[in-house]
There are 2 protein chains.
Amino acid sequence: MSGYAPSEAARRSGFSLDTLRYYEKIGLLADVERTAGGQRVFTDDDLGWLVLFRCLRDTGMPIAQMRRYAQLARDGEHTTDERHELLCHHAARVEEQMRLLQRQYDHLREKIRFYERLPATAPGPEAGHRHLERVSKPSTEASTHALNE
Amino acid sequence: MSGYAPSEAARRSGFSLDTLRYYEKIGLLADVERTAGGQRVFTDDDLGWLVLFRCLRDTGMPIAQMRRYAQLARDGEHTTDERHELLCHHAARVEEQMRLLQRQYDHLREKIRFYERLPATAPGPEAGHRHLERVSKPSTEASTHALNE
DNA sequence: GCTTGACCTGGAGCGCGCTCCAGGTTGGAG
DNA sequence: CTCCAACCTGGAGCGCGCTCCAGGTCAAGC
């Protein structure tokens with residue numbers, strides 16, 4: 001049921017072998033079990049941690065903070081409040097991140113629509129979109145979204 | 001109307017002075033105007049580009065690709081198809097990114113809810129959540145989300 | 001017992017995107 | 001004319017998160 005070779009743990013978690021070793025080295029994964037000969041054996045619990053790290057990493061948490069969380073969890077049950085707070089703060093940052101990403105995605109879509117309104121490739125001599133993308137002397141990028149202030 | 005000092009351009013775009021110089025050096029911003037004495041003068045067009053770069057950067061486009069886009073735009077109107085395609089591919093990657101972020105955010109929320117179902121700090125001797133976060137010998141992280149395969 | 005591929009360690013290196021620095025120049029205010 | 005903050009250049013350095021390497025060990029199959 002539990003006890004995975006490094007390659008198996010890598011395959012299941014999606015992290016590379018080097019990354020697994022690195023995570024152990026810097027104290028994210030602590031005390032991974034070993035065979036008599038010194039080779040790592042990952043448990044289901046380790047894999048659970050890796051799933052969490054993937055989640056936190058994908059949402060942009062810096063490693064230092066993951067370390068802090070992992071350390072708190074190792075310190076015992078009296079740190080649950082702090083762990084909860086840490087995750088909540090992170091969640092708030094993720095929400096902000098999602099809002100920003102959505103906003104910039106909308107800008108990107110607008111820009112794409114600009115290209116889609118162009119009169120197809122090689123429009124002939126009339127070229128009727130000067131006001132949107134001026135190509136006169138040195139002007140190249142005219143989707144001059146109003147800037148702050 | 002146009003003609004901004006470096007500090008003003010930095011303030012308006014949100015990029016640092018160093019970043020503005022860097023972007024020019026690597027060919028993102030090409031041929032920024034200069035005073036007789038050699039100091040930069042940014043135009044509204046430059047600021048328009050910077051807004052676009054902010055959008056692309058915030059959505060995770062690597063600088064090499066931004067360079068490519070900028071170069072295409074400088075190459076003239078016959079590159080609009082390629083530019084359009086480049087942005088569309090990028091938009092698709094952004095959509096994937098948003099889906100992933102949302103998924104991992106949901107996981108994070110679930111984890112937070114786990115903490116919120118705990119019987120508050122210092123629950124006394126009964127401690128009734130062993131099955132959710134085993135704290136026996138070496139087990140620390142039990143939200144063992146099923147892994148792939 | 002031998003082979004072979006997976007694994008071990010410590011430490012160096014890398015790719016990205018800036019960021020900082022030293023040492024010198026510019027240009028507007030007083 | 002003087003001052004000083006803002007600007008210039010080329011190049012080095014940095015923080016992050018891995019990634020790679022050399023040189024050696026382990027263990028399962030034949």
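Only this structure's heavy atoms are used, side chains among them; waters, hydrogens and symmetry mates stay out. Order of the sequence lines sets the chain letters (A, B, ...), proteins ahead of strands, with each chain counted from 1.
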Heavy-atom nearest nucleotide on DNA chain D for A:Phe15 versus B:Leu17: which residue maps closer to 5'? B:Leu17
For residues 84-94 of chain A, which side-chain N or O atoms pair as donor and acceptor with protein atoms under 3.5 Å away, sequence neighbours left out?
from	atom 1	to	atom 2	distance (Å)
A:His84	NE2	B:Glu116	OE2	2.8
A:His90	NE2	A:Thr59	OG1	2.8
A:Arg93	NH2	A:Gln65	OE1	2.6

By the 4.0 Å heavy-atom rule, please label B:Arg40 as base, sugar-phosphate, or nothing. sugar-phosphate
Looking at B:Arg113, I'd like to know if its CZ atom is crowded, meaning that more than 12 non-hydrogen atoms belonging to other residues, nucleotides or ligands lie closer than 6.0 Å. no
Does B:Asp18 pair with B:Arg21 as a salt bridge, N-O distance under 4.0 Å? yes
Chain B on DNA chain D: first and last contacting nucleotide, 5' to 3', under 4.0 Å to a heavy atom? D:dC7 to D:dG11
For each nucleotide in nucleotides 23-30 of chain C, reading 5' to 3', give B when a protein heavy atom comes within less than 4.0 Å of its base, S when such contact involves only the sugar-phosphate, and - otherwise. ---SS---
Looking at every strand, decide which applies to A:Arg57 at a 4.0 Å heavy-atom threshold: base, sugar-phosphate, or nothing. sugar-phosphate
Test item: side-chain donor near acceptor, A:Glu110 and A:His107, under 3.5 Å: no
Side chain to side chain donor-acceptor pair (under 3.5 Å) with A:Asp106: of A:Gln102, A:Arg103, A:Arg109, only one passes, and it is A:Gln102
Calculate the interatomic distance between A:Leu20 atom CG and C:dC7 atom C1'; express it in whole Å. 13 Å
Which residues satisfy the side-chain hydrogen bond (donor to acceptor under 3.5 Å, both in side chains) test with A:Arg34, sequence neighbours excluded? A:Glu24
When the C1' atoms of the five terminal pairs at each end define the local axes, what inter-axis angle does the helix from C:dG1-D:dC30 to C:dG30-D:dC1 show, to 10 degrees? 10°
Is it the case that over 12 heavy atoms from other parts of the model lie below 6.0 angstrom from the CZ atom of A:Arg68? no
Please check if the side chain of B:Arg83 supplies one atom and the backbone of B:Tyr69 the other of a donor-acceptor pair under 3.5 Å. no
Between A:Met61 and B:Lys25, just flag the one whose closest nucleotide in DNA chain D comes earlier from the 5' side. B:Lys25
side-chain hydrogen bond (donor to acceptor under 3.5 Å, both in side chains) involving A:Ser7 - partner list, sequence neighbours excluded: none
